[in-house]
Amino acid sequence: MANTDPGQALRARLGEDVDDPTLWDAVENLTREAQATHPKIALADEVWAEHLARALRRVEPSSWPTCATELRGADLWLACGLSIGDKHALEQFEHTLMPQVDRALRRFCLGEDERTDLRQRTRIRLLVATPGTPPRISQYTGRGSLAGWVRTTAGRLALNLRRDEPQHAAIDAAPELVMQSTPELARIRRERRSLFSSALTDAFAALARRDRTLLRLRYADEMTAVTLARAYGVHESTMSRWLASARASMVDRFRQIISAQLTDSTELAELMQVMHSQLDASLNTLLATTSPPS
């Protein structure tokens, strides 16, 4: 548990000789209230002071005492805990803030898969650090409710999804991009293009919801297994197994679909050869979006 007087750590970060006792009284009250609201979330003084300093620097030093009395201390404490991955903060996020994400997404006409994807993307956007960049939740500075801030983030992601929809590669283009122009595959490209395209699409649609979400995040959003593991709160090796399982399920579904429509074992073997050798390319084509025009 952090001390109730982070003044020394805060002074070091503000870099100012602040003698106004009202500032330090406000900081002490703010800290005490935040700890009382979230007693299970433990923050070191240095971590808490860094977040307070970031919030105070948004105004002139002369306004720091007033700013400190207006900050939403409990929300800032929770956001600070989330930024360092505190397990109690993460539990609180799921309990109190994910319902706010659902509230924001209800404003949009979304399918169940889209809602599932956006809920996970919101978690990733807010809670997962990228190389050289801390989690975005660390940008919250206590000015306005954290619930509203989270709703805004989810809403923007939903709007971006709608904006990017026309950028998705046409499914019908998949075989031309996936099936390389070799003499051996020329007949498959010509005669089985429609079957390959529909089987690829149907195989993905038949996957379990988590598998579809993982593959979209991996191939459409180009997230690494490390990033996805952090987002789902599992070890990297576990995420690698999940992704491998999702890809294997995709191949199995594809095989089931084309086996029901092909009687020629040679054609079946040829199509499966393409699917096995070009699985990543197939998923990239099916799921990835093209870059927006510059």
Side-chain angles (χ1 to χ4, degrees), residues 111-121 123-124 161 164-165 167-290:
E112 186 61 32
D113 280 353
E114 288 177 315
R115 283 194 296 272
T116 299
D117 289 349
L118 284 167
R119 292 176 93 252
Q120 194 58 34
R121 290 185 190 189
R123 287 190 184 94
I124 293 170
L161 177 68
D164 291 340
E165 276 182 339
Q167 304 291 338
H168 283 280
I171 300 303
D172 287 344
E176 294 302 322
L177 297 174
V178 173
M179 302 171 74
Q180 303 300 315
S181 297
T182 62
E184 295 79 8
L185 296 178
R187 180 172 57 84
I188 296 177
R189 293 202 322 276
R190 183 176 64 252
E191 298 179 2
R192 295 303 181 187
R193 181 180 187 276
S194 177
L195 173 59
F196 190 97
S197 178
S198 62
L200 187 66
T201 306
D202 292 345
F204 180 80
L207 294 176
R209 182 170 296 149
R210 189 186 73 177
D211 287 348
R212 292 197 301 270
T213 298
L214 285 174
L215 292 179
R216 282 195 186 100
L217 293 171
R218 174 67 186 89
Y219 291 96
D221 293 347
E222 300 182 345
M223 293 181 181
T224 65
V226 174
T227 299
L228 289 172
R230 291 173 183 166
Y232 278 82
V234 298
H235 193 274
E236 183 182 347
S237 61
T238 300
M239 179 54 64
S240 294
R241 287 196 299 271
W242 286 2
L243 288 169
S245 176
R247 286 192 290 264
S249 295
M250 180 80 177
V251 173
D252 288 343
R253 297 286 188 179
F254 182 86
R255 180 192 297 275
Q256 292 170 15
I257 292 168
I258 64 172
S259 295
Q261 301 184 53
L262 287 178
T263 57
D264 188 321
S265 60
T266 300
E267 286 188 334
L268 175 61
E270 289 175 332
L271 279 178
M272 289 309 303
Q273 177 187 352
V274 174
M275 186 60 174
H276 279 292
S277 64
Q278 301 293 334
L279 177 57
D280 285 350
S282 299
L283 289 168
N284 274 324
T285 303
L286 182 67
L287 302 175
T289 58
T290 59

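On a predicted model such as this, the values are computed, not experimentally measured, just so you know. Below, all heavy atoms of this structure are taken into account, side chains as well, without hydrogens, waters or symmetry copies.
Side-chain polar atoms of Arg241 and Thr238 form a donor-acceptor pair below 3.5 angstrom.
Atom-to-atom distance recorded for Leu200:CG and Ile258:CD1 is 11.0 Å, nearest 0.5 angstrom. Rounded to the nearest 0.5 Å, atoms OG (Ser265) and CE (Met272) are 13.5 Å apart. Ser249 OG to Phe254 CZ: the interatomic distance, rounded to the nearest 0.5 Å, is 15.0 Å. Atoms CE and CZ, on Met223 and Arg121 in that order, are 7.0 Å from each other to the nearest 0.5 Å. For the atom pair CD (Glu236) and CG (Leu243), the distance works out to 10.0 Å, reported to the nearest 0.5 Å. To the nearest 0.5 angstrom, Arg212 atom CZ is 12.5 Å from Leu217 atom CG.
The nearest pair of heavy atoms linking Ser259 to Arg255 is OG-O, 2.6 Å.
Checked by atom type and distance alone, the side chain of Thr116 pairs as donor or acceptor with a backbone atom of Glu112 at under 3.5 Å.
Side-chain atoms of Asp211 and Arg247, non-hydrogen and from C-beta on, never get closer than 4.5 Å to each other. Within the 4.5 Å cutoff, side-chain heavy atoms of Ile124 are placed close to those of Leu228. Side-chain contact between Phe204 and Arg216 is present, with heavy atoms from C-beta onward closer than 4.5 Å. Contact annotation: the side chain of Val226 never approaches that of Met239 to less than 4.5 Å [non-hydrogen atoms, C-beta and beyond]. Counting only heavy atoms from C-beta outward, the side chains of Tyr232 and Leu214 approach each other to under 4.5 Å.
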